[in-house]
Amino acid sequence: MLGLVKGGGIMDILFSGGVPIINWWFILVGADLITGYAKALKMHSWKSAVNLKGLVIKLATLCTIVVASALDHVAPIVGVIIPINLGLIYTAILIAYEGGSILENAHDLGINVKWLMKYLDVFTEQVEEKGKSNDEK
């Protein structure tokens with residue numbers, strides 16, 4: 001697979017060792033934008049303000065991934081123990097979110113994706129369970 005973001009140095013720092021899955025997040029963000037544009041065109045509901053808002057949300061989401069990764073790196077320095085890799089788990093949760101948005105857009109375009117939604121739900125539940133600390137379980 002063509003790597004959009006290569007590991008090493010700053011990329012490992014920014015994405016908390018989750019470089020392999022950040023590529024999937026970028027791909028799914030692109031697919032969500034494309035399917036969202038297709039849906040807007042089909043439904044004749046294209047609005048530049050809605051488009052801009054969506055793009056700003058995608059950029060803000062990328063910033064939150066960096067914040068989660070920063071917590072992963074700073075916590076041990078200040079003596080805080082975080083039992084999971086926040087950047088990695090958070091990115092996996094965001095992948096599930098993007099996948100759901102793509103499937104919703106595809107459904108609205110007339111594609112039958114109900115069967116795929118079941119698997120996305122299983123993935124989401126398992127990732128969220130993995131992200132919970134022992135106190136939350």
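For reference, positions follow the sequence shown, starting with 1.
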Hey, any chance [X] and [Y] share a hydrophobic cluster, counting ILVMFWY side chains that come within less than 4.5 Å of each other, even indirectly?
| X | Y | value |
| --- | --- | --- |
| Val78 | Leu86 | yes |
| Val66 | Trp25 | yes |
| Ile89 | Ile82 | yes |
| Ile65 | Tyr97 | no |
| Leu94 | Leu55 | yes |

Measuring from atom [atom1] of [X] to atom [atom2] of [Y], what distance do you get when rounded to the nearest 0.5 angstrom?
| X | Y | atom1 | atom2 | answer |
| --- | --- | --- | --- | --- |
| Ser69 | Leu88 | OG | CG | 8.5 Å |
| Ile111 | Ile102 | CD1 | CD1 | 11.5 Å |
| Thr124 | Tyr119 | OG1 | OH | 14.5 Å |
| Trp24 | Leu28 | CH2 | CG | 7.0 Å |
| Thr91 | Ile22 | OG1 | CD1 | 4.5 Å |

Not counting sequence neighbours, which residues clear side-chain hydrogen bond (donor to acceptor under 3.5 Å, both in side chains) with Asp121? List them please.
->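 Listed in chain order: nothing, the list is empty.
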Just jot down the side-chain hydrogen bond (donor to acceptor under 3.5 Å, both in side chains) partners of Ser101, sequence neighbours excluded, or say none.
-> Asp32
If you take all heavy atoms of [X] and [Y], which pair is closest and at what distance?
| X | Y | result |
| --- | --- | --- |
| Val113 | Ala106 | CG1-CB, 4.1 Å |
| Asp72 | Pro76 | O-CD, 3.2 Å |
| Ala92 | Ile21 | N-CD1, 3.8 Å |
| Tyr90 | Ala68 | CD2-CB, 4.1 Å |

Evaluate the side-chain proximity of [Y] to [X]: yes if any heavy-atom separation is below 4.5 Å, no if none is.
| X | Y | value |
| --- | --- | --- |
| Val29 | Thr61 | no |
| Ile84 | Lys130 | no |
| Leu120 | Met117 | yes |
| Lys53 | Ile57 | yes |

Could you walk me through whether Glu104 and Lys39 pass the side chain to side chain contact (heavy atoms under 4.5 Å, CB included) test, one step at a time?
-> CA-CA 10 Å; Glu104 178 185 323; Lys39 175 180 160 181; 3.7 Å; yes
Pairs involving residues 42-52, ordered by first then second residue, that meet side-chain hydrogen bond (donor to acceptor under 3.5 Å, both in side chains) (sequence neighbours left out) =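 Applying side-chain hydrogen bond (donor to acceptor under 3.5 Å, both in side chains) to every pair that reaches into residues 42-52, excluding sequence neighbours, yields Tyr37-Asn51.
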Electrostatic pair Glu98-Lys58, nearest N-O below 4.0 angstrom |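 Salt bridge flag = yes for Lys58 with Glu98.
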CA sep, side-chain torsions, deciding dist, call: His107, Asn105, side chain to side chain contact (heavy atoms under 4.5 Å, CB included) | CA-CA 5 Å; His107 177 270; Asn105 291 339; over 6 Å; no
